[in-house]
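Chain naming here is simple, since letters A, B, ... match the order of the sequence lines and numbering starts at 1 in each.
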Amino acid sequence: MKIPIEFYRRPDPVQIARDLLGKYLFTRIDGVLTGGRIVETEAYAHINDQACHSHLGRYTSRTQVMYEPGGVAYAYLIYGRYTLFNIITNEASKADAVLIRGLEPTEGIPEMLLRRGVASVQRNLTGGPGLLTQALGITTALYGTSLTSDVVWLEDRGAPVPDTEIRASPRVGIDYAGTDAALPWRFRIIGSPWTSPAK
DNA sequence: GATCGGATTCCCT
DNA sequence: GGGAATCCGATCA
């Protein structure tokens, strides 16, 4: 079943990032269903977290959607070539987010192979934040789209992931965040081959 | 208007 | 393990 909007409006992005492991992310772009099981996430908080785009209330055309009530998509371009997909959480004006970093492909695999330009199902199909967006056809056009829509949404298919199968570690690529870079806000399912490479 | 750098990935060594 | 690709947003003027 589709995850209800209340799930996203809870106050703790770290808890939500952890809860999202084992859930499913789907898109229907151009009528084609693609998606898979979430195996790696990262939390970003609007307070006490220098790594977050909304740190200190930064409000620009890029970050404005973060201030919406939780449950919308925040997609943006990074390094000029990759789109990253985030879920906005918490209530309006409390601009928290969870980045989806790894997916285990389950639906629409032929279409995802096509979009990625790879020949067979392997780690580089959806293992990595810039790759899974490509596979699912996610672009900045989805900026601000509701996660209860029929374009991009998440589902709970049961089978929650027990704590013993979850590993927390520091986030990567955010050295500019100073001491906040050490926060263990990256969550992954232990042993999943679809997580991005450990650094 | 110009400059700087990034929540990444790929390819080459 | 290291550098290139590549462009938008942020910042400063």
Main-chain N/O of A:T63 paired with A:T60 side-chain donor or acceptor, under 3.5 Å: yes
Opposite nucleotide pairing with B:dA7, Watson-Crick or G-U, both atom distances under 3.5 Å: none
Short side-chain to backbone donor-acceptor contact, A:K94 and A:T89, under 3.5 Å: no
A:T27/A:V151 under side chain to side chain contact (heavy atoms under 4.5 Å, CB included): CA gap, chis, key distance, verdict: CA-CA 5 Å; A:T27 61; A:V151 179; 5.9 Å; no
Whole-angstrom distance between B:dG5 and C:dG3, as gauged at atom C1': 16 Å
Distance in angstrom units between A:L131 CG and B:dA7 C1', rounded: 14 Å
A:R58 side chain to A:H53 backbone, donor-acceptor under 3.5 Å: yes
Side-chain donor/acceptor of A:N86 to backbone N/O of A:A97, under 3.5 Å: no
List, with names and distances, any nitrogen or oxygen atoms from the protein found under 3.5 Å away from nitrogen or oxygen atoms belonging to nucleotides 7-13 of chain C.
residue, atom, partner, partner atom, Å
C:dA10, OP1, A:T60, OG1, 2.3
C:dA10, OP2, A:T60, OG1, 3.1

Gap between atoms CG and P, on A:L99 and B:dT8 respectively (whole Å): 7 Å
Integer-rounded Å distance: B:dA7 P and A:L132 CG: 16 Å
Stacked cation flag A:R171 on A:Y44, 6.0 angstrom / 45 deg: yes
Separation of atom CZ in A:R171 from atom C1' in B:dT8, rounded to whole Å: 16 Å
Value in whole Å for how far the P atom of C:dA4 lies from OH of A:Y82: 15 Å
Donor + acceptor pair across side chains of A:E6, A:Y8 (<3.5 Å): no
Face-to-face stacking of A:Y44 with B:dA7, centres under 5.5 angstrom, angle under 30°: yes
Spacing of A:E42 atom CD relative to B:dT8 atom C1', expressed in whole Å: 12 Å
Complementary nucleotide for C:dT6 - Watson-Crick or wobble, under 3.5 Å: none
Rounded distance (Å) that lies between atom P of B:dC10 and atom CG of A:L125: 11 Å
Nucleotide B:dA7, atom P - distance to CG of A:D96 in whole Å: 17 Å
